[in-house]
Amino acid sequence: YCTAYSILGSSWDASDAVQDAFLEAYARIDTLRDVAKFKPWLVRILVNGCYDALGRRRRLVPVGDTAEPLVTEDRMGGGPTASPEAAHAFIGTEAQLDLFHALRALEEDHRTVLDLRYFLDLKVDDIAVALDVPAGTVKSRINRTLARLAESLGRHTSLEVTQ
């Protein structure tokens with residue numbers, strides 16, 4: 001879900017993408033050659049589905065505000081209401097907000113490798129399988145993206161991914 005949300009930027013679209021990925025995986029399970037590679041295989045299906053959804057979305061013309069509302073359910077039975085607590089719970093601290101904006105500013109393919117590496121905890125080789133790129137490309141994308149992210153957050157670091 002986090003990977004789909006990162007690519008699509010919408011919780012509704014991310015939920016749909018995850019469901020579609022599981023349905024496609026179920027329908028195509030006989031094409032999986034190595035059971036040990038199930039997770040990267042499933043992630044590849046998800047990422048491809050997300051990119052397809054982005055392509056379809058680019059052809060749409062928005063007719064209104066597409067931002068997701070920050071609402072909570074009114075405990076007195078009055079329906080959903082906007083609240084500062086809901087906004088804070090969604091956004092988090094200022095540092096998290098800075099990180100969120102810095103991540104959203106990254107190019108899709110660079111943000112995706114960070115999602116797969118740090119949110120799904122995939123190894124570089126598994127990410128390479130999921131994205132159908134060489135492992136060296138994954139390493140260089142992660143390293144360049146971490147450097148850009150650190151720079152945009154005003155931090156200088158010498159992190160380097162080796163495995």
Just verifying a value: how many Å separate [X] [atom1] and [Y] [atom2], rounded to the nearest 0.5 Å?
| X | Y | atom1 | atom2 | value |
| --- | --- | --- | --- | --- |
| Cys50 | Asp13 | SG | CG | 9.0 Å |
| Asp16 | Ser11 | CG | OG | 9.5 Å |
| Thr112 | Arg141 | OG1 | CZ | 8.5 Å |
| Ile142 | Leu149 | CD1 | CG | 12.5 Å |
| Asp125 | Lys139 | CG | NZ | 7.5 Å |
| Ile127 | Asp132 | CD1 | CG | 14.0 Å |

Would you name the heavy atoms of [X] and [Y] that are closest together and state the gap between them?
| X | Y | answer |
| --- | --- | --- |
| Ser140 | Thr137 | OG-O, 3.0 Å |
| Ala4 | Ala17 | CB-CB, 4.2 Å |
| Tyr51 | Asp109 | OH-CA, 3.9 Å |

Does the pair Lys39/Asp126 count as a salt bridge with the N-to-O cut at 4.0 Å?
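Judged by the 4.0 Å cut-off on N to carboxylate O distance, Lys39 and Asp126 do not form a salt bridge.
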Check ion pair Arg117-Asp121 (N to O, under 4.0 angstrom):
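Yes, this pair counts.
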Could you go through the side-chain contact (heavy atoms from CB on, under 4.5 Å) check for Thr145 and Arg111 one step at a time?
CA-CA 8 Å; Thr145 306; Arg111 188 173 56 243; over 6 Å; no
Min side-chain heavy-atom separation Trp41-Leu46 under 4.5 Å:
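No - every pair of side-chain heavy atoms lies 4.5 Å or more apart.
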Does any non-hydrogen side-chain atom of Leu8 lie less than 4.5 Å from one of Leu54?
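Yes. Closest side-chain heavy atoms under 4.5 Å.
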Check the orientation of Tyr1 and Tyr5. Use parallel for under 30°, tilted for 30 to 60°, and perpendicular for over 60°.
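Because their plane-to-plane angle is under 30°, the rings of Tyr1 and Tyr5 count as parallel.
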Identify whether [X] and [Y] are in the same connected component of the hydrophobic contact network (ILVMFWY, side-chain heavy atoms under 4.5 Å).
| X | Y | result |
| --- | --- | --- |
| Leu116 | Leu114 | yes |
| Val129 | Ile29 | no |
| Leu23 | Leu42 | no |

